[in-house]
Amino acid sequence: MRRKSWKRVAIVALGCLAAPAWGFDLLDAYRDALANDASFLAARSALAAVRENVPQARAGLLPQVVLSAQRTRNETENTSRQFGIPLTRNSRYSAEAGVLSLRQPLYRRYNWAQLSFAQAQVAAAEAGFEKDRQDAGLRAAEAYFNVLAAQSQVRVLEAQLEALAAQQKLAERAFEAGWGTRTDIDDARAQAQQARAALIDANFNLDNAQRTLAALVGKMPAALADVVPERIPLTPPQPPALDHWLQQMEAANPELASLRRQVEMAQRDIERQQAGHHPTVDLIAARQYGSNETNTSIDTSYVTNYVGVQLSVPIFSGGAVSAAVRQAESNLDKARFQLEAARRRLGVETQKYFHGVVQGVDKIKAYEATLQAAERALASSRKSFQAGTRTLVDVLNGVQRVADATRALSQARYEFLLNRLRLAAVAGQLDDDLFAQINNSLGQP
């Protein structure tokens, strides 16, 4: 095989990270996901619904004005006796009634507790919505990098197939010239068939990854901006102290904030249920009008105005209030345990993502060195094969090592950038600025 052909194959195999012309990057994916991700849109609608609990609860403390009116057409048959003779009289008349009433709660402990409960609900939902926003961003980023990883795998296999095809032709020519073996041809053909099967799977995975991304961003993106190795900030988290990130997680993680609000909700619910033992006091006022309301008051109308205070004292409700209080206390315990479980889980995740970023720096550098070594080894095996001191199997193994190292390096780069996003998310710091920073690592090489 000519030297230029080998050089061209090597460039294709090692340059598999290069991206085509692109018009869609990570920042586009993030923004489109916030506008089109159905799960995030559902969370936004759920937050809007929960916010309406506060005005509904506040309404229980404000005056209630009710107007009711009624008009009927009546017919009455009235029978009486005079001197033992029955006399019947039929009357047809219209009856009217109307009440305009006002009720102003003066003391309703349950209503005040309901307002506090609703406010805690909204606070928990808003904190939970921030987590939903971060989750939507992470879903978009993971889907985006999954597409890049799948594209990289396809390019690696295509380059590997081209190298194997060239090597197979070289083996065939060597066999025809009398210094090669049939085994060399069979080995090259077997590896090529294996690479073709892997390429079928890779294309299938790429199609699935693209459709997953399209489902999140609302469209099938064109070519994606890929990682530019020189732009990746290969630095540890700042500050590079795990304790700092654990403290940040405790202070700013939106999931923990939401769960703390849910603990507060459970406390308010206990107060709300305990209010079932308290009396209620209302100011009531009304203007009442009636006309021909009964068959004995035909052609009679009246207007009544009244104002006063109404007291209602609960005495016995069959144990329902006490049961509701015990239920609320159990829900409080549940909320506290859920908060503690989330705190422990997020602590583990913080350590995982922190070390993922720290170790990712060394990992990328190690894979870069591995790829360089594999490239040099492939070049040496190729020269030695041409000189007759190495077999074709050595060359084929070298091609496989280059492909494996290229694939591992690309995956390490994508995982490093994702871990930076995940660490920021668990610490409550995943925002537009960080997405813009990560996006700066992408482009057209």
Side-chain angles (χ1 to χ4, degrees), residues 26-27 29-54 117-146 212-213 215-218 237 242 244-269 331-332 334-354 356-357 417-439:
L26 180 62
L27 204 54
Y30 171 62
R31 291 169 177 167
D32 287 352
L34 294 185
N36 296 284
D37 185 346
S39 297
F40 177 71
L41 296 179
R44 187 170 64 186
S45 298
L47 175 61
V50 171
R51 282 174 172 163
E52 298 301 325
N53 289 341
V54 170
F117 179 79
Q119 290 170 339
Q121 269 186 317
V122 172
E126 288 176 343
F129 180 72
E130 175 60 19
K131 179 182 183 300
D132 292 328
R133 182 192 66 80
Q134 293 193 356
D135 287 347
L138 283 179
R139 283 196 299 272
E142 289 171 355
Y144 186 93
F145 285 118
N146 283 342
T212 299
L213 178 60
L216 293 175
V217 302
L242 177 58
H244 167 82
W245 290 94
L246 289 172
Q247 293 172 4
Q248 185 66 26
M249 178 272 293
E250 287 278 354
N253 182 272
E255 182 179 355
L256 289 183
S258 178
L259 289 170
R260 290 190 186 100
R261 292 295 187 176
Q262 290 180 36
V263 170
E264 182 182 348
M265 280 173 50
Q267 292 170 335
R268 297 292 176 265
D269 191 37
N331 287 334
L332 174 59
K334 173 186 173 182
R336 285 172 173 165
F337 287 130
Q338 288 176 330
L339 172 60
E340 182 59 27
R343 179 183 289 112
R344 296 177 185 180
R345 172 176 53 80
L346 291 170
V348 173
E349 291 180 2
T350 302
Q351 296 182 56
K352 175 184 175 182
Y353 300 142
F354 176 84
V357 176
L417 295 176
L418 271 175
N419 280 332
R420 287 193 62 191
L421 293 172
R422 291 164 177 160
L423 179 61
V426 80
Q429 297 179 347
L430 185 59
D431 53 18
D432 295 4
D433 291 339
L434 182 59
F435 269 97
Q437 292 175 23
I438 299 298
N439 198 58

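Predicted, not measured: the structure shown is a model, and the values here were computed from it.
- Here the CG atom belonging to Asp269 is positioned 9.0 Å from the CD atom belonging to Gln121, to the nearest 0.5 angstrom.
- In this structure, the side chains of Trp245 and Gln429 come closer than 4.5 Å at one or more pairs of heavy atoms.
- Distance CG/Leu216 to OG/Ser39: 8.0 Å, rounded to 0.5 Å.
- None of Lys334, Gln262, Arg260 except one satisfies the side chain to side chain contact (heavy atoms under 4.5 Å, CB included) rule with Leu339; the exception is Arg260.
- Rounding to the nearest 0.5 Å places CZ of Phe117 at 11.0 Å from CD of Glu264.
- For Glu52, the side chain to side chain contact (heavy atoms under 4.5 Å, CB included) test picks out Pro55, Gln56, with sequence neighbours left out.
- With hydrogens and angles disregarded, a donor-acceptor distance shorter than 3.5 Å links the side chain of Asp431 to the backbone of Leu434.
- Proximity of a side-chain donor or acceptor of Arg133 to a complementary backbone N or O of Leu34 within less than 3.5 Å is not detected.
- Between Leu418 atom CG and Ile438 atom CD1 the span is 9.0 Å, to the nearest 0.5 Å.
- For Asn253 (side chain) and Val426 (main-chain N/O), a donor-acceptor pair under 3.5 Å exists by modelled atom type.
- In this structure a side-chain-to-backbone donor-acceptor pair under 3.5 Å is missing from Asn331 to Ala266.
- Between Tyr30 and Phe435, the ring planes lie parallel to each other; the angle is under 30°, not in the 30° to 60° tilted range.
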